[in-house]
Amino acid sequence: MNSSEYEYLDKINSPSDLKKLSIEELNILCEEIRDKLIKTVSKNGGHLSPNLGTVELTVAMHYVYNTPNDKIVWDVGHQSYTHKILTGRKDRLDTIRKKGGLSGFPKRSESPYDAFNVGHSSTSISAAYGIARARAIKGEKGRTIAVIGDGALTGGLAYEGLNNAGRSNKNFTVILNDNKMSISRNVGSIAKYLTHIRIRPGYIKIKKIVEKILIHTPVIGNPLRKLLLHSKSKLRISVYRNTIFEDLGFVYYGPVDGHDIGKLIDALNASKNVNQAVIIHVVTTKGKGYHFAEEDPRSYHGISSFDIESGEPISSKKGFSARFGEILCDIAKKDKRICAITAAMKLGTGLAKFSHDYKERFFDVGIAEEHAVTFAAGLATENMIPVFAVYSSFLQRAYDQIIHDAAAQEIHMVLAIDRAGIVGEDGETHQGVFDVAMLSSIPNVTIYSPCYFDELGDAMNKAIYKHSGIVAIRYPRGGQPYRPNDYKTGEVYSVYGTGKDAVIVTYGRIFANASNAKEILEEKGKKITILKLNRIHPISKEAVKICSEFKRVYFFEEGMENGGVGDKFRCMLDDEGYTGSYELTAIKDKFVPQSTVDEALSELCLDCAGIVNKLTWN
């Protein structure tokens, strides 16, 4: 089906166009949107399962609400592709996640329909409530809607928002998109609680019937109804079996079939007439409409380009995440103290096999990075060795816990930091470029940054058995980069080459680019040595002394300049009395926008060409 063959989608240029369609036509439109989503993500990569699961919900919201006057705040935002299609951006959808194209997440600078920038979990209720209160202060009309998934309800920030927003705003709606998953299948009490609600959807009908009877019962009906509402007796509990949301002050609607657009529209319209904050519980199927995604929604949550007919990814190169999981399993087989922790990222961090082989030592805590670190600290006090596998950008949430609950107690734990450095198409909120500056400022922290799989294994063994305190091992998204045949890994640092004209200092995968640059420079007559830091914090004084003997030192870092390794290395050179020239190439005071990894590294002068240009002196 080509774009010109879409019977209804081609006519939708804004949400107002939806209101001209019948329910039957809206259902056809939803199928056309799914077709466009599958084709687009198969080429560009992106979040497929979350978007396929929320097509009817998104159509229904824009059909009922008067957006952008009514403001929708998405949680995480990885399910907003349909929202973009319906709000004037469908003709640019093929640019999504590309350099200069549409973001894979809502972005205020992109459209007035995007009320809040997102990219991480559990933020929607707090942000939307802030918007709602501001509008009330200004006397503006219109509803504010937070759309949050059941997976995001495993994050504590969501409950801080619910607690603050309940009982206090009549134009505030929370839509709970319950698909029984975040990325990996949801775990814990909240998942069980939502399941409990789903299996008794008739209780609200019973409640309404009882209310109706009491209201129309002369003399005693209304007083008895009020007594039931405010009583803590067993009678009240049996009739008014409240959800946790109602206890927090929300009117609860649901569960509603998230793929029945007629019922969705009815529920949304009904909620508009309630003079109180509302929660609408919508049950959806993640991956709806694409067989492979429905059967395996976890693998299609965030996916690279794939073949639509077979569902197979175009590239299946083994990456650092998978290798990390294999190494950890090998260590855990011999050492029963090893525990693995993930924050709803079992597949993404390579822990699927560990979760199967060592169930009693595997912990998925949900989207709760703060809890994960403090929980790990508790394990460590009982002589377990916790390994918390987490994406770099998500580790930022646990900064306080790393300082107070772990480092200050000299707790021994391992932080396996996945997606370190530039991650590419997911953009600013997902780039793993802050962890080094963040962690290196904390006492009792050691950081390794391997470039190759064997270095990863070596770092993990050192982290578990050689060091005390917190040991962080950061590694990039994807597989191993180029490796020179004559390169040999050192203990703390590696010296590659014997040139005396200049020394390049770097770490992680940028070493591969520096090695390629070294070969090109030597063809031009430049004699270069590379000093590769394997342990990047604390920095080896011996490594600094070696570099102080060169007239020119060039540092290349895939991280923030301010507070990064290069910044500290430069200070240590000064302490050595260094009198030569020093140039630091790192990420200056800015966020890195979406693009491919190669495009971003080129823009930052961290690719081979950029390094060559920096070292081309007269």
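All values below come from the heavy atoms of this structure, side chains included, with hydrogens, waters and symmetry mates left out.
- Here the side chains of Y475 and I417 are not in contact, with every heavy-atom distance at 4.5 Å or above.
- H537 and K568 share no donor-acceptor pair across their side chains, judged by distance under 3.5 Å alone.
- With salt bridges taken as basic N to acidic carboxylate O contacts below 4.0 Å, one links K588 and E561.
- Side-chain contact between V174 and V147 is absent, with no heavy-atom pair separated by less than 4.5 Å.
- Taking 4.5 Å as the limit, some side-chain heavy atom of V553 sits within range of a side-chain heavy atom of Y578.
- Side-chain atoms of E519 do not come within 3.5 Å of backbone N or O of N516 as any donor-acceptor pair.
- Nearest heavy-atom pair across T506 and A514 is CG2-CB, 4.3 Å.
- Scanning both residues, I148 and A158, for their nearest heavy atoms gives CD1-CB, 3.8 Å.
- Judged purely by atom type and a 3.5 angstrom limit, S304 has no side-chain atom pairing as donor or acceptor with the backbone of G45.
- The shortest heavy-atom contact between L351 and A340 is CD2-CB, 4.1 Å.
- Counting heavy-atom neighbours within 6.0 Å of E382 CD, excluding the residue itself, gives a total of 12 or less.
- No hydrogens or angles considered: a donor-acceptor pair under 3.5 Å links the side chains of N534 and S494.
- We find that K99 and E425 are not joined by a salt bridge, their nearest charged nitrogen and carboxylate oxygen being 4.0 Å or further apart.
- D335 and Y465 form a side-chain donor-acceptor contact under 3.5 Å, judged by distance and modelled atom types alone.
- Across F354, F388, F375, a single residue satisfies ring pair (Phe, Tyr, Trp, His ring centres under 6.0 Å) together with F363, and that is F375.
- Under the 3.5 Å distance criterion, with hydrogens and angles disregarded, no donor-acceptor pair is assigned to the side chains of H404 and Y399.
- Pairing each heavy atom of A420 with each of S392, the nearest pair is CA-CB, 4.0 Å.
- Considering all non-hydrogen atoms of both residues, G348 and Y391 come closest at CA-OH, 3.4 Å.
- Between V445 and I447, the closest side-chain pair of non-hydrogen atoms falls below 4.5 Å.
- No donor-acceptor distance shorter than 3.5 angstrom exists from the side chain of R477 to the backbone of G319, with no hydrogens or angles considered.
- Side-chain contact between Y493 and R535: absent, with no pair of heavy atoms (C-beta onward) separated by less than 4.5 Å.
- At distances below 3.5 Å, at least one donor-acceptor pair connects side-chain atoms of H120 with backbone N or O atoms of T429.
- The shortest non-hydrogen separation linking R474 to G421 is NH2-N, 3.5 Å.
- Heavy-atom contacts from other residues, nucleotides or ligands closer than 6.0 Å to NZ of K462 number more than 12.
- Residues K466 and E491 are paired through a salt bridge, judged by an N-O separation under 4.0 Å between the basic side chain and the carboxylate.
- Side-chain atoms of N51 come within 3.5 Å of backbone atoms of H78 as a donor-acceptor pair (strictly under, hydrogens ignored).
- Looking only at side-chain heavy atoms (C-beta outward), L439 and I402 come within less than 4.5 Å of each other.
- Using modelled atom types, one finds a donor on one side chain and an acceptor on the other under 3.5 Å when comparing D486 with Y496.
- Between H430 and F394, the angle of the ring planes goes over 60°, which puts this pair in the perpendicular group of the 30/60° scheme.
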*Taking it one step at a time, do S595 and R97 satisfy side chain to side chain donor-acceptor pair (under 3.5 Å)?*
CA-CA 7 Å; S595 66; R97 303 177 77 246; over 6 Å; no
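- Note on D574 versus R570: no salt bridge recorded, every NZ/NE/NH1/NH2 to OD/OE distance being 4.0 Å or above.
- Using a 4.0 Å cut-off between charged nitrogen and carboxylate oxygen, E583 and K614 count as a salt-bridge pair.
- Other residues, nucleotides and ligands place no more than 12 heavy atoms under 6.0 Å from the CG atom of N562.
- The backbone N or O of F105 lies less than 3.5 Å from no partner atom in the side chain of S80, so there is not a single donor-acceptor pair.
- Checking T529, L531, V505 one by one against F550, the side chain to side chain contact (heavy atoms under 4.5 Å, CB included) holds for a single residue, T529.
- For the pair D178 (side chain) and G149 (backbone), a donor-acceptor distance under 3.5 Å is absent.
- For the pair E558 and R509, the salt-bridge criterion is met [side-chain N within less than 4.0 Å of a carboxylate O].
- Side-chain atoms of N177 and T284 include a donor-acceptor pair closer than 3.5 Å.
- Residue F591 qualifies as open at atom CZ: its count of foreign heavy atoms under 6.0 Å is 12 or below.
- Between the side chains of T349 and D418, no donor-acceptor pair of N or O atoms lies under 3.5 Å.
- Ion pair K98/E599 not flagged as a salt bridge, since none of the NZ, NE, NH1 or NH2 atoms sits closer than 4.0 Å to an Asp/Glu carboxylate oxygen.
- Looking only at side-chain heavy atoms (C-beta outward), I530 and V503 stay at 4.5 Å or farther from each other.
- Salt-bridge formation is detected for the pair R323/E326: a Lys NZ or Arg NE/NH1/NH2 atom is positioned less than 4.0 Å from an Asp or Glu carboxylate oxygen.
- A cation-pi arrangement is present between R483 and Y452 under the rule of less than 6.0 angstrom and at most 45 degrees off the ring axis.
- The pair K532-E455 meets the salt-bridge criterion, with a side-chain N (NZ, NE, NH1 or NH2) lying under 4.0 Å from an Asp/Glu carboxylate O.
- Side-chain contact between C451 and P481 is present, with at least one heavy-atom pair separated by less than 4.5 Å.
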